[in-house]
Amino acid sequence: MATDAHITHFAHPQHRLLKTPYSSASRHVCDICEAKLSGLVGYRCNACDFDIHEACADYFKETISFFAHPWHTLTLCRMPPENKGWVCDLCMEHCPPGNFVYRCIQCKFDVHPLCTLLPQTIRSPLHPLHDLNMVPSSGHCNACPERLPVWHYICGPCTSPSYRLHIGCVSGAPSGVGQGSGGTTNQNNSSSRGQGTGNTSSGANQTTSDARNTTAVVERSRSTSVSKFLLKKSFMIAIDLATGGLASPVLDVLQAVLD
Ligand SMILES: [Zn+2]
Ligand SMILES: [Zn+2]
Ligand SMILES: [Zn+2]
Ligand SMILES: [Zn+2]
Ligand SMILES: [Zn+2]
Ligand SMILES: [Zn+2]
């Protein structure tokens with residue numbers, strides 16, 4: 001095998017990785033994005049059973065600056081074994097020990113690699129007049145009856161009443177997160193307490209009761225549910241804008257896996 005078929009990658013510095021075409025029957029999963037490699041090209045360490053998509057090897061960096069945690073650099077590393085039950089600060093789904101996350105160890109801020117693709121600003125077909133921004137706050141979703149986790153999309157200009165959406169409700173169709181009876185607007189958020197204060201602790205407590213309803217869906221196919229809304233048109237447009245098109249090979253991979 002020619003030596004140029006090997007690369008070194010920060011996600012697995014112990015060994016060189018071999019460029020590998022995965023068969024369509026392959027059951028290997030990318031260690032970074034957790035999506036399947038079947039029918040795609042990736043890099044593999046056979047000794048450690050470590051695999052990553054070529055697109056993920058190119059796109060994901062060892063350290064990033066991220067709008068949801070502007071104070072510190074986040075580093076791609078494996079969730080330590082003692083951090084059982086920890087969740088992604090953005091999507092609130094699990095980050096199992098051993099899986100890759102972008103972390104600020106100092107602040108205990110963790111986010112799935114795929115969730116770093118979530119754009120800070122997005123335009124939703126449900127609220128076409130204004131951009132929505134992802135900021136920490138609390139309140140109820142305008143598209144479904146579920147309470148919102150700390151991180152969700154809010155319209156800046158619309159303040160009374162406020163307009164807020166789950167990440168999973170932005171594209172219009174319920175997709176795992178905040179899935180409800182669908183379409184009906186929820187007008188029972190009589191107060192807008194905590195808006196813009198950055199006080200995230202009350203919001204975090206509120207989400208625990210909702211989590212019970214969605215956990216079953218979410219745990220079955222976490223990476224699939226994240227991918228599904230990243231692949232919605234409104235997200236793809238916003239991600240392209242935010243990354244200058246650099247993330248499109250990763251979106252192509254997610255698309256190929258879902259097809
Ligand atoms: Zn990947
Ligand atoms: Zn290895
Ligand atoms: Zn996440
Ligand atoms: Zn930090
Ligand atoms: Zn919602
Ligand atoms: Zn608005």
Side-chain angles (χ1 to χ4, degrees), residues 1 5-20 28-32 37 42-52 56-57 76-78 90-93 98 100 118 120-189 192 195-196 203 206-207 209-215 217-218 225-226 228-230 232 234-235 238:
M1 197 66 67
H6 288 87
I7 61 158
T8 53
H9 195 271
F10 66 84
H12 191 70
Q14 301 90 329
H15 304 114
R16 291 196 308 161
L17 307 176
L18 177 64
K19 191 166 188 174
T20 305
H28 287 111
V29 165
C30 175
D31 278 75
I32 294 180
L37 280 143
Y43 295 102
R44 172 164 176 79
C45 174
N46 208 28
C48 305
D49 196 23
F50 175 92
D51 305 273
I52 49 177
C56 290
L76 187 71
C77 51
R78 290 190 186 274
L90 253 58
C91 75
M92 304 305 291
E93 295 176 25
F100 277 109
L118 291 168
Q120 182 169 19
T121 302
I122 195 164
R123 190 65 68 101
S124 169
L126 298 180
H127 193 71
L129 290 184
H130 304 126
D131 280 344
L132 307 178
N133 289 299
M134 203 196 282
V135 291
S137 179
S138 63
H140 283 81
C141 180
N142 285 68
C144 77
E146 306 282 335
R147 252 194 205 129
L148 289 161
V150 171
W151 288 97
H152 52 264
Y153 286 101
I154 304 184
C155 179
C158 296
T159 48
S160 54
S162 63
Y163 191 87
R164 303 152 184 273
L165 293 174
H166 283 105
I167 294 167
C169 289
V170 163
S171 52
S175 62
V177 178
Q179 185 164 10
S181 48
T184 54
T185 0
N186 184 339
Q187 293 297 358
N188 67 0
N189 53 339
S192 58
Q195 181 177 14
Q206 287 166 9
T207 59
S209 58
D210 305 341
R212 243 177 287 134
N213 305 328
T214 50
T215 300
V217 182
V218 152
S225 73
V226 175
K228 268 188 186 149
F229 53 73
L230 290 178
K232 299 285 185 187
S234 35
F235 277 95

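Read the numbers this way: they start at 1 and go in the same order the structure lists the ligands and their atoms.
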Which atom of H166 approaches the Zn ion (ligand 5) most closely (N/O/S): ND1

Minimum heavy-atom distance between Y153 and Q120, given as atom pair plus value: CE2-O, 3.8 Å

If you have a sec, read the angle at the Zn ion (ligand 6) from C155 atom SG over to H130 atom ND1, to 10 degrees. 110°

Contact check, side chains of I32 and H9, non-hydrogen atoms, under 4.5 Å: yes

Parallel, tilted or perpendicular: which one describes the rings of F50 and F100, with boundaries at 30° and 60°? perpendicular

What N, O or S atom of H127 is found closest to the Zn ion (ligand 6)? NE2

Check H15 and report its N/O/S atom nearest to the Zn ion (ligand 2), by atom name. ND1

Closest heavy-atom pair, K232 versus S171, reported as atoms and distance to 0.1 Å, is CG-OG, 3.2 Å

How many degrees, to 10°, between C45 SG and H12 NE2 as seen from the Zn ion (ligand 2)? 110°

So, for S124 and L132, which heavy atoms are closest and what is the spacing to 0.1 Å? CB-CD1, 3.8 Å

Metal site angle (apex the Zn ion (ligand 5)), SG from C144 and SG from C141, 10 degrees: 110°

